[in-house]
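Scroll down for the structure; my scribbles are underneath it.
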Protein chains: 2
Amino acid sequence: MAREHPNVLCTVDVVLLTLRDGDLQVLLHRRAAEPFAGALALPGGYIHAQADLDAADAAARVLRDKAGVRSPYLEQLATFSGAARDPRGWSVSIAYVALVPEAALPPPAEAATWKPVERLPALPFDHRQIVDHAVARVRAKAQYSSLPVHLCGERFTLPQLQAAYEAVLGEPVNKVSFRRKIDELGIVEPIDGAFTAGGAHRPAQLYRLRKAFRHVLSTSGRGLNSGA
Amino acid sequence: MAREHPNVLCTVDVVLLTLRDGDLQVLLHRRAAEPFAGALALPGGYIHAQADLDAADAAARVLRDKAGVRSPYLEQLATFSGAARDPRGWSVSIAYVALVPEAALPPPAEAATWKPVERLPALPFDHRQIVDHAVARVRAKAQYSSLPVHLCGERFTLPQLQAAYEAVLGEPVNKVSFRRKIDELGIVEPIDGAFTAGGAHRPAQLYRLRKAFRHVLSTSGRGLNSGA
DNA sequence: GTAATAGTGTCTTTCAGACACTATCCT
DNA sequence: AGGATAGTGTCTGAAAGACACTATTAC
């Protein structure tokens, strides 16, 4: 039975997003192999049935191997499929979105580049569509959930977190409303006695994610992110 | 290259939902083949690379063949994968949610049964998880979009539409707020001069979906459904 | 002191739910 | 007339944004 339908290529692709220079940026990887060898594309690869527990595991492996990133926020985005999207044949790509703070990134590998999602180069396959889909998802979830915290480091101030929301949403947000919202979401807590220092101004309270919200590996969609 | 990773089973499964007796119900299909022959499960099947354009097309084919349903509202749900979910081996199931009005259903085939999503029998594979995921998705989208209109027929009254929302959400909704919301969503229009008749009470205005919102075949996630 | 950013108190506007009323059919 | 459901006008309370104020640092 299983041998009757072997001719579908099963892959994962990952849209890894971070905040650089105030922009939401995506990691692109220069393809070594055909098709589209030499072109910038999303990091991705075949599912390894022998090694991967499931598709999320495969996506995590791709992130480790191609971006040097471990245990980021990882969420299933959607699956792109069909006869036309890959010249090698009928293919399935299970796409994931991953968020990492810039500080958690390793020194950039030579085959990899960051590009702002608003100024993307031409991408092979349907990768442009996948990135757009990812950005739309992250934007939508920023409206009602705490998703953008995963773009901040382990310790962050509320103004930094607000800047992360603003970068994702692409527009300024009201400070008072923002703090009210973060407060009711209840997903961050002040670090006792920890403040920023150095600026010629009042120091800011440092916060961290509450324990229950660290290491999120949601299967997909609306997860545990204390949505409204 | 393609021949190196052939051992992943590619399938689609469909959670077909409708409104029966005031309940949200899901179509279950009695399996003819092993594994789990004779058990009730979600309608699904292998992707046919020769015949299907993409996974959504495969899902539509499954719905035609196993439920006799044509061109319903069809939306990608999520993809379930891994070594453990199917005894035949490492598998990928691209799951879809479909909504149909009860009136658009053909006479029930003998291998198929409807079950309320709140009183499901035991299901094989991870189908229980898939159904729960689908119900959660439909509930979430009912909060801010016009999704439940696809459970109503071609012509419907606002009280009927409200009942559809209430069945999906599992709780009563405020009549005034409901009508305000439907009005701002702007996705339905009154049918000029068409009213219900027969009851011992005031007739209700009949509505229909606006042209732009018919035949939705969203790839996934938050689509064209005029979300808020 | 001033400049700069952090953090809060409060007013106003906007929106959702509650309630009550009117409208229109049938018997 | 009276019962039943459809549809609307309006009040009220909650939540979101605007604005202005206080707080704490460096110089």
Side-chain angles (χ1 to χ4, degrees), chain A residues 22 139-146 148-149 152-153 155-208 226-228, chain B residues 22 139-146 148-149 152-153 155-208 226-228:
Chain A
R139 276 208 180 125
K141 291 190 82 161
Q143 303 273 3
Y144 63 89
S145 84
S146 58
V149 291
C152 291
R155 295 146 57 94
F156 50 88
T157 68
L158 290 187
Q160 282 167 0
L161 182 57
Q162 180 171 351
Y165 272 82
E166 289 174 339
V168 168
L169 295 173
E171 61 184 14
V173 306
N174 183 278
K175 184 166 59 164
V176 179
S177 309
F178 173 74
R179 284 165 181 252
R180 265 197 298 245
K181 188 60 97 186
I182 293 298
D183 187 49
E184 12 183 280
L185 284 178
I187 48 125
V188 302
E189 59 189 4
I191 305 172
D192 207 53
F195 289 85
T196 53
H201 51 76
R202 175 173 175 176
Q205 171 73 54
L206 285 165
Y207 286 77
R208 66 180 162 219
S226 49
Chain B
R139 278 210 178 123
K141 290 190 83 160
Q143 303 273 4
Y144 62 88
S145 84
S146 59
V149 291
C152 292
R155 294 147 57 94
F156 50 87
T157 69
L158 291 186
Q160 282 166 1
L161 182 56
Q162 179 171 352
Y165 271 82
E166 289 173 340
V168 168
L169 294 172
E171 60 185 14
V173 308
N174 183 277
K175 183 167 60 163
V176 180
S177 309
F178 173 74
R179 284 165 180 253
R180 264 196 301 244
K181 187 61 95 186
I182 294 297
D183 187 50
E184 359 180 293
L185 283 179
I187 50 125
V188 302
E189 59 189 5
I191 305 172
D192 206 53
F195 290 85
T196 53
H201 51 76
R202 174 172 175 176
Q205 170 74 55
L206 284 166
Y207 287 77
R208 66 180 162 217
S226 51

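First the proteins, then the strands, lettered A, B, ... as listed; each starts at 1.
Here the side chains of I182(B) and F178(B) are in contact, with some heavy-atom distance below 4.5 Å. The shortest distance between side-chain heavy atoms of R179(A) and L158(A) falls below 4.5 Å.
Side-chain N or O atoms of T196(B) include one that pairs as donor or acceptor with a backbone N or O of A204(B) at under 3.5 Å. In this structure, the side chain of E166(A) engages the main chain of V173(A) through a donor-acceptor pair within 3.5 Å. Proximity of a side-chain donor or acceptor of Q143(A) to a complementary backbone N or O of A140(A) within less than 3.5 Å is not detected. A side-chain donor-acceptor contact under 3.5 Å links Q205(B) to the backbone of I191(B). Counting only distance, with no hydrogens or angles, the side chain of Q160(B) and the backbone of T157(B) share a donor-acceptor pair below 3.5 Å.
Across every non-hydrogen atom of G22(A) and A167(A), the tightest pair is O-CB, 3.6 Å. The two residues Y207(B) and P190(B) make their nearest non-hydrogen contact at CD2-N, 3.4 Å.
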Are any protein N/O atoms closer than 3.5 Å to N/O atoms in nucleotides 3-5 of chain D? If there are, list each pair with its distance.
residue	atom	partner	partner atom	Å
dG3(D)	N2	A200(B)	O	2.5

With the criterion being N/O to N/O and under 3.5 Å, what pairs connect the protein with nucleotides 15-17 of chain D, and how long is each?
residue	atom	partner	partner atom	Å
dA16(D)	OP1	K181(A)	NZ	3.0
dA16(D)	N7	R180(A)	NH2	3.2
dG17(D)	OP2	S177(A)	OG	2.9
dG17(D)	N7	R180(A)	NH2	2.8

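Along DNA chain D, the nucleotide nearest Y207(B) and the nucleotide nearest G199(A) are compared for position; the residue whose nucleotide lies closer to the 5' end is Y207(B).
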Practice task
Give the intermediate values and the outcome of side-chain contact (heavy atoms from CB on, under 4.5 Å) for residues C152(B) and Y165(B).
Solution key: CA-CA 10 Å; C152(B) 292; Y165(B) 271 82; over 6 Å; no
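Taking every nucleotide of DNA chain C with any atom under 4.0 Å from a non-hydrogen atom of chain B, the first and last of them, 5' to 3', are dA16(C) to dC26(C).
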